[in-house]
Amino acid sequence: MNHAIRVHEHGGPEKLIWEEVPLPDPKPGEVLVRHHAVGLNYIDVYFRTGLYKAPSMPVTVGMEGAGVVEAVGDGVTELKVGDRVAYAGALGAYAEARCAPADRLVKIPEGIDFTQAAAMMLQGMTAQFLVKRTYAVKAGDTILVHAAAGGVGSILVQWAKHLGATVIGVVSTPEKAQLITSLGADHALLTSENVPARVREITGGAMLPVVYDSVGKDTFTTSLDCLRPFGLMISYGNASGPVTTDLGVLAAKGSLYVTRPTLNTYTAKRDDLVATANDLFEVVKSGGVKIAVNQTFALKDAADAHRALESRKTTGSTVFTV
Ligand code: NDP
């Protein structure tokens with residue numbers, strides 16, 4: 001018997017339906033993974049609401065999981081039955097078991113358990129490409145991270161500190177401010193403050209080379225106002241809604257750059273996926289970045305997890321037990 005959370009029509013958390021679904025045989029190039037843990041990510045909300053469109057409906061949402069290979073399709077040579085594996089970016093994760101393309105999976109190294117793996121693959125690999133490739137953070141940089149107590153945010157804060165940067169985090173509550181300070185943030189600002197004015201004060205007027213913004217609509221202009229001329233705005237998410245803006249604003253605010261990166265593009269090639277995952281595993285095993293699983297839910301209670309995430313009640317990573 002196999003159960004999954006499926007969405008038959010877009011809408012609120014109540015549209016996440018726990019139901020019995022067939023257990024498919026792996027097609028060529030696929031493996032059947034029996035999940036031990038599944039990750040919760042904001043992108044799951046976008047697929048539930050319809051902001052992002054699934055190829056067909058009903059859709060099993062979820063992009064991230066960790067478990068054990070139970071069967072292997074034709075042509076799969078790198079994995080065998082019994083391997084501990086994890087992945088991010090393969091739609092269909094909210095299930096007890098699912099088939100996934102073998103070339104999207106990586107083996108979980110010793111010392112990392114299923115819960116940690118499910119918590120870190122998507123948010124951690126995102127943080128990896130953001131601090132290493134979209135903008136290479138280095139000692140001496142001062143950077144700003146929005147939603148700094150969140151899943152990606154709390155990893156970004158730690159990783160940027162590990163690379164020697166001064167980190168300004170922005171969060172909505174004093175409790176979250178305390179949390180990011182404990183993660184190493186040098187300055188914890190509240191969303192209620194005048195963020196560009198505080199950045200001016202902190203940097204002695206120099207402003208920032210880069211801003212990491214996953215909030216989208218509500219923070220776009222604020223983020224641009226924190227940058228110095230030629231600065232880079234990394235708009236990597238839309239928790240408050242998508243950004244729609246006129247490019248002229250980039251000219252007016254100092255010949256700024258904007259990029260809208262996705263993990264998909266950065267890990268499309270197998271070599272990039274493996275290198276990104278290995279870099280993440282190493283920084284976690286070395287203790288340079290700690291993965292905080294601050295909430296767990298049973299997979300059948302996915303609606304409660306979505307409610308918590310959307311009402312900004314979660315911090316760090318959230319994992320479903322299966
Ligand atoms: P988070 O744990 O960061 O949760 C979202 C946080 O955003 C909230 O806790 C809240 O923090 C903040 N927020 C600000 N405005 C709102 C709002 N209107 N509604 C809800 N939350 C709001 O989620 P994730 O770590 O899973 O994802 C963070 C972002 O990164 C998402 O936008 C996601 O889409 C994006 N992302 C992008 C990827 C890519 O490849 N481009 C890959 C992975 C994630 P606070 O209360 O402190 O303001």
Side-chain angles (χ1 to χ4, degrees), residues 12-13 38-49 51-52 61-64 88-91 93 118-131 133-135 144-159 168-181 183 185 188-193 195 211-220 222-223 233-243 258-268 272-273 276 280 291-295 305-320:
V38 168
L40 172 72
N41 292 284
Y42 222 93
I43 193 169
D44 308 343
V45 172
Y46 306 146
F47 275 106
R48 192 203 73 217
T49 61
L51 178 66
Y52 293 177
V61 295
M63 296 297 231
E64 178 179 45
L91 190 62
M120 75 161 101
M121 290 301 290
L122 202 148
Q123 295 166 347
M125 290 203 293
T126 300
Q128 197 279 350
F129 81 72
L130 289 173
V131 295
R133 295 170 68 195
T134 313
Y135 177 91
L144 186 139
V145 177
H146 284 286
V152 180
S154 55
I155 301 174
L156 267 181
V157 167
Q158 296 178 74
W159 211 326
I168 304 172
V170 184
V171 292
S172 63
T173 67
E175 293 75 25
K176 289 185 180 182
Q178 260 181 12
L179 176 78
I180 65 164
T181 303
L183 295 176
L189 309 188
L190 293 176
T191 45
S192 54
E193 292 184 84
V195 172
V211 169
Y212 291 97
D213 187 335
S214 65
V215 175
K217 185 157 107 3
D218 288 356
T219 48
F220 188 74
T222 302
S223 292
M233 157 66 166
I234 304 179
S235 176
Y236 71 95
N238 356 260
S240 67
V243 174
V258 175
T259 182
R260 177 63 175 85
T262 72
L263 178 62
N264 241 352
T265 326
Y266 278 85
T267 55
D272 285 333
L273 171 67
T276 307
L280 171 65
I291 304 297
V293 181
N294 291 344
Q295 302 76 212
H306 278 222
R307 283 185 196 103
L309 182 64
E310 287 175 277
S311 59
R312 302 162 82 154
K313 292 205 175 74
T314 63
T315 57
S317 300
T318 303
V319 170
F320 294 112

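Values below: every heavy atom of this structure, side chains too, minus hydrogens, waters and symmetry copies. Indexing begins at 1, ligand by ligand and atom by atom, following the structure's order.
- T259 and Y135 share no donor-acceptor pair across their side chains, judged by distance under 3.5 Å alone.
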Inset, instruction - Just do the side chain to side chain contact (heavy atoms under 4.5 Å, CB included) check on E64 and V38 with the steps written out, would you? - result: CA-CA 6 Å; E64 178 179 45; V38 168; 6.0 Å; no
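- Taking the six-membered ring where tryptophan is involved, the planes of F47 and Y52 are perpendicular, since the angle between them exceeds 60° and thus also 30°.
- In the model, T222 has no side-chain atom that pairs as donor or acceptor with a side-chain atom of T219 under 3.5 Å.
- Distance NZ/K176 to CG/L183: 12.5 Å, rounded to 0.5 Å.
- Protein residues are said to neighbour a ligand when one of their heavy atoms lies under 4.0 Å from it; for ligand 1 these are N41, Y42, Y46, L122, Q123, T126, A147, G150, G151, V152, V171, S172, K176, S214, V215, Y236, G237, N238, A239, S240, R260, P261, T262, L263, L309, E310, R312.
- Annotation: the span from M121 atom CE to T126 atom OG1 amounts to 10.5 Å, rounded to 0.5 Å.
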